Undergrad: 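Handing you a structure now.
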Amino acid sequence: MEKPRTKVWRGQTFDDRVLDRRQSLLRAGFELLGDDGVSGVTMRAVCRRAELSPRYFYESFTNTDELVVAVYDACNAELGTAIAAVGSREEMSATVAAALDVAVGFFDADTRRVRILLREPLTSQLLTDRRAAVLPDFLTTLASALSPAASKAGRTELALAGSALSGALVSLVLDWTDGRLPVTEKQLADYATRLVVATMINL
């Protein structure tokens, strides 16, 4: 029996158009979350920025909280992929230093990522809870890529290490970014490297 033909409109199938609209909503969510924080991600603002009607918003997301989490997850996944691509060096300190350098470049390339991944989880319960939920798996993936020894740590150990490290590193980065920590970028990177290495060695 011949399969029904997929309808194509302007060179796109229905599924293609749904995916394109979802990507437009994610871009709008990224811009609003990065510029104005969670409070700026309203239905009206998202639809206006994406140039779509609310009907199409609900095609992909049930509410703005779901969109905020999707933007956070996508941004976090990009960071994880970039860091994991560093690979393992002979010395753990060299691996960590290279990974931190990539992370700095990631945030420098678009400073809105700083707000999405670092600032907003400090004030938004939605993103605080999301960060806590995804952090152990995020660290497991990175540990496997960067340190064979650390990759053997259990989920509980990774959750503890992740909470301790994320709190310390976020505070360091934000204090430095906001001018409260009068050190050079190299001093900051060197200290962060020592901090991460000390934590990973003890896993």
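Here the structure is a predicted model, which means the values were calculated and not measured.
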Undergrad: With sequence neighbours excluded, what pairs up with Asp108 under the salt bridge (charged side-chain N to carboxylate O under 4.0 Å, His left out) test?
TA: none
Undergrad: Using the rule that two of Ile, Leu, Val, Met, Phe, Trp, Tyr join whenever any of their side-chain heavy atoms come within less than 4.5 Å, decide whether Val114 and Val104 are in one cluster.
TA: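 Unlinked, Val114 and Val104 end up in two clusters.
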Undergrad: Distance from Gln187 atom CD to Leu181 atom CG, nearest 0.5 Å?
TA: 9.0 Å
Undergrad: Any idea which heavy atoms bring Ala103 and Ile83 closest together, and the distance?
TA: CB-CD1, 4.3 Å
Undergrad: May I have the list of side-chain donor-acceptor pairs in residues 37-50 shorter than 3.5 Å, sequence neighbours left out?
TA:
residue : atom : partner : partner atom : Å
Thr42   : OG1  : Ala45   : N            : 3.1
Arg49   : NH1  : Glu31   : OE1          : 2.9

Undergrad: Go through the steps to decide whether Phe106 and Leu117 satisfy the test side chain to side chain contact (heavy atoms under 4.5 Å, CB included), and finish with yes or no.
TA: CA-CA 11 Å; Phe106 175 82; Leu117 292 182; 4.1 Å; yes
Undergrad: Any side-chain heavy-atom pair from Val183 and Tyr191 closer than 4.5 angstrom?
TA: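 Val183 vs Tyr191: side chains apart.
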Undergrad: Could you report the tightest heavy-atom contact between Val102 and Ala82, atom names first, then the distance?
TA: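 Between these two residues, the closest heavy atoms are CG1-O, 3.5 Å.
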Undergrad: Can you tell me how far apart CG (Asp36) and CZ (Arg115) are? Round to the nearest 0.5 Å.
TA: 6.5 Å
Undergrad: Is a salt bridge present between Arg130 and Asp73, judged by a nitrogen-to-oxygen distance below 4.0 Å?
TA: yes
Undergrad: For the pair Asp110 (side chain) and Arg112 (backbone), establish whether a donor and an acceptor sit closer than 3.5 Å, ignoring hydrogens and angles.
TA: yes
Undergrad: Without swapping roles, check the side chain of Arg180 against the backbone of Thr177 for a donor-acceptor pair under 3.5 Å.
TA: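 Side chain of Arg180 to backbone of Thr177: no pair is present.
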Undergrad: Test of understanding: clusters of I, L, V, M, F, W, Y form through side-chain heavy atoms closer than 4.5 Å, transitively. Do Leu100 and Val197 belong to the same one?
TA: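 In one cluster: yes.
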Undergrad: Is there a side-chain contact between Leu122 and Thr128, using heavy atoms and a 4.5 Å cut-off?
TA: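 The answer is no, as the side chains (C-beta and beyond) never meet within the 4.5 Å cut-off.
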Undergrad: Does this structure show an ion pair linking Asp190 with Arg194, if we count only N-O contacts that are shorter than 4.0 Å?
TA: no
Undergrad: Side chains of Glu185 and Trp176: does their closest heavy-atom pair fall under 4.5 Å?
TA: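 Sidechains of Trp176 and Glu185: in contact.
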Undergrad: If Ile, Leu, Val, Met, Phe, Trp and Tyr residues are connected whenever their side-chain heavy atoms lie under 4.5 Å apart, and connections chain through other members, are Phe107 and Val173 in the same group?
TA: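 Linked, Phe107 and Val173 end up in one cluster.
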Undergrad: Looking at Thr193 and Val96, would you say the former's side chain and the latter's main chain have a donor-acceptor pair under 3.5 Å?
TA: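 Between the backbone of Val96 and the side chain of Thr193 there is no qualifying donor-acceptor contact (under 3.5 Å).
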Undergrad: Given Ser24, which of Arg22, Arg21, Arg27 fulfils the side-chain hydrogen bond (donor to acceptor under 3.5 Å, both in side chains) condition?
TA: Arg27
Undergrad: Any chain of hydrophobic side-chain contacts (each under 4.5 Å) joining Val68 to Tyr56?
TA: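 Yes, Val68 and Tyr56 fall within the same hydrophobic cluster.
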Undergrad: Could you tell me the separation between the CG atom of Leu19 and the OG atom of Ser60, rounded to the nearest 0.5 Å?
TA: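 If we round to the nearest 0.5 Å, Leu19:CG and Ser60:OG are 8.5 Å apart.
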Undergrad: How far does CG of Leu52 sit from CG of Asp20, to the nearest 0.5 angstrom?
TA: 10.0 Å
Undergrad: Val71 versus Leu67: any side-chain heavy-atom pair under 4.5 Å?
TA: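 The answer is yes, as the side chains (C-beta and beyond) meet within the 4.5 Å cut-off.
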Undergrad: Using 4.0 Å as the upper bound for N to carboxylate O, is an ion pair formed by Glu78 and Arg113?
TA: yes
Undergrad: With Leu169, which of Leu195, Leu118, Leu174 fulfils side chain to side chain contact (heavy atoms under 4.5 Å, CB included)?
TA: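 Going through the options one by one, the only one that passes is Leu195.
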Undergrad: Judged by modelled atom types alone, do Glu66 and Thr62 share a side-chain donor-acceptor pair under 3.5 Å?
TA: yes
Undergrad: Got a sec, which pairs hit ring-ring contact (aromatic ring centres under 6.0 Å, His included) with one end in residues 58-95, sequence neighbours left out?
TA: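 Those involving residues 58-95 are Phe57-Phe61.
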Undergrad: Kindly compute the distance separating CG (Asp35) from CD1 (Ile116), expressed to the nearest 0.5 Å.
TA: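 The CD1 atom of Ile116 is 8.5 Å from CG of Asp35, to the nearest 0.5 Å.
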Undergrad: Output the distance between atom CG (Leu135) and atom CG (Leu165), rounded to the nearest 0.5 Å.
TA: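 The CG atom of Leu135 sits 9.0 Å away from the CG atom of Leu165.
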Undergrad: Verify, without hydrogens or angle tests, whether Ser163 (side chain) and Leu160 (backbone) share a donor-acceptor contact under 3.5 angstrom.
TA: no
Undergrad: If you compare all heavy atoms of Thr95 against all heavy atoms of Gly87, which two are closest, and at what distance to 0.1 Å?
TA: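 For Thr95 and Gly87, the tightest heavy-atom pair comes out as CG2-O, 3.5 Å.
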